[in-house]
Amino acid sequence: MSDVVRPVQATQLRFELDGRTLTALPGETIWQAARRAGTTIPHLCTREAPDYRPGGNCRACMVEIDGERNLAPSCTRQVSAGMRVHSDTSERALNSRRLVMELLLSEQPPRAQAHDRNASFWHWAEQLGLQDSRFPSRTAMAGTAPAPLPDRSHPAMSVQLDACIHCQLCVQACRDIQANDVIGMAGRGAAAKIVFDLDDAMGDSSCVGCGECVQACPTGALMATTMLTADGSGLLATGESVDRVVPSICPYCGVGCQIDYQVRKEQIVAVTGRNGPANRERLCVKGRFGFDYVHSPQRLLTPLIRRDDAPKIADAAFDPANPLTHFREASWDEALERAAAGLRSIRDDTAARRSPASVRPSAATRKPTSSRS
Amino acid sequence: MLALFAAPELDVELLKELAAVMREASICGLGQAAPNPLTTALTYFPQQLTVMAAPPLPLFPGPSPARGEGRLVSRVRDFPGTEEAR
């Protein structure tokens, strides 16, 4: 949106936020206008990412608007001219945000045992000055269902609905952003919950494993299994971040999705989607979860040239983990020269025999190859 | 809110806070009006709520008011304990 050049016209709306006069574009919400002005109002069910729309259901972004009886969710309320909005200066709004967070906190595992201790949920709890809740946990009450057990049926993702706050970002991610429509809400009232297909285990559902829901989840209810320890708690301690984030391009197909490698202790632990022109933060299963080959002991790190004493035959005894029985390491210069010499001899040989061309180049956007026909 | 009622001692202040936030921040009118029974009870029958740990008092002690015998609100003052709560 920001790269679109908008003509400066009288269509900008003036409004007031905490005593500051701001301008909003037509159709812009209070939350968006505040964000452009450098103020981020707490939010859980709204995700600042391309193509997501605000949820309006978590009630963590409530603001007070002069002349209105009730508070309004700033993420869905559009600015109108002359509106006077009170966010951080409204005790009513702050009380409401804090109490909503307290209610959500009462249903969460404590942060020390949280699946994702650095989820945006904990960031906003901290911003609102909350560590624990005055409300008893609903699961502690007699006659209510116990907290749902984790679902580890999927090879790449873990589902921990005890941390779910029903913000429905994953529903939007699955249905609207990736158009897979696997995740939905089922049940009513206190029994409402997130389900895959007809309440199947995630690994048995029609999930294609794009991981968009993992990227969208604000609590750690949906996580890449690589970000969890064996006991289900988060890999990262409270306040810990990965050591490095390396921007890159997905190594698989030719679309060229932009990605961020999350590197911890010199190991890739996760991949997130960058806002590239081809993918707008989306990824598919390969780009998101197919990174373990990078650390495979069988991965080639230098060019190899076949040893003279290991002629090319169908050899079942070849062990890819130990290629030096048949190959020797070489420099790039030597390897390229060797390959070029092979191609040259084919070309010269063909010319001498006046036969049709026998070398055919072909190229893919990501993996240049040549083949001999 | 139900969990708060199940607690041995009623946290009236927290209940009032919760009621206020439900009224102000709910998406629709159903949620906004949902705490009304609680706030009404806290306003007119506070002693009934605060002594819940003891055996519950009958809501209408003695013979029930005869039909047409004035509005309910006016009769509330006759209930034991209401005076000092006000």
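In what follows, every chain begins at residue 1, and chains take the letters A, B, ... in the order their sequences are listed. Not measured: the values here are computed from a predicted model.
For chain B, the nearby part of Arg59(A) is the side chain; its heavy atoms alone come within less than 4.5 Å.
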Subject >> CA sep, side-chain torsions, deciding dist, call: Asn95(A), Glu17(B), side-chain hydrogen bond (donor to acceptor under 3.5 Å, both in side chains) >> reply: CA-CA 9 Å; Asn95(A) 275 342; Glu17(B) 226 179 293; over 6 Å; no
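Side-chain atoms of Leu71(A) and Val21(B), non-hydrogen and from C-beta on, never get closer than 4.5 Å to each other.
Arg36(A) CZ: more than 12 foreign heavy atoms inside a 6.0 Å radius.
Ion pair Arg69(A)/Glu24(B) not flagged as a salt bridge, since none of the NZ, NE, NH1 or NH2 atoms sits closer than 4.0 Å to an Asp/Glu carboxylate oxygen.
Here the CZ atom belonging to Arg134(A) is positioned 9.5 Å from the CG atom belonging to Leu18(B), to the nearest 0.5 angstrom. In this structure, the separation between CG on Leu15(B) and CZ on Phe135(A) is 8.0 Å, given to the nearest 0.5 Å.
Annotation for Asn70(A) and Arg23(B): closest pair OD1-O, 3.4 Å, computed over non-hydrogen atoms.
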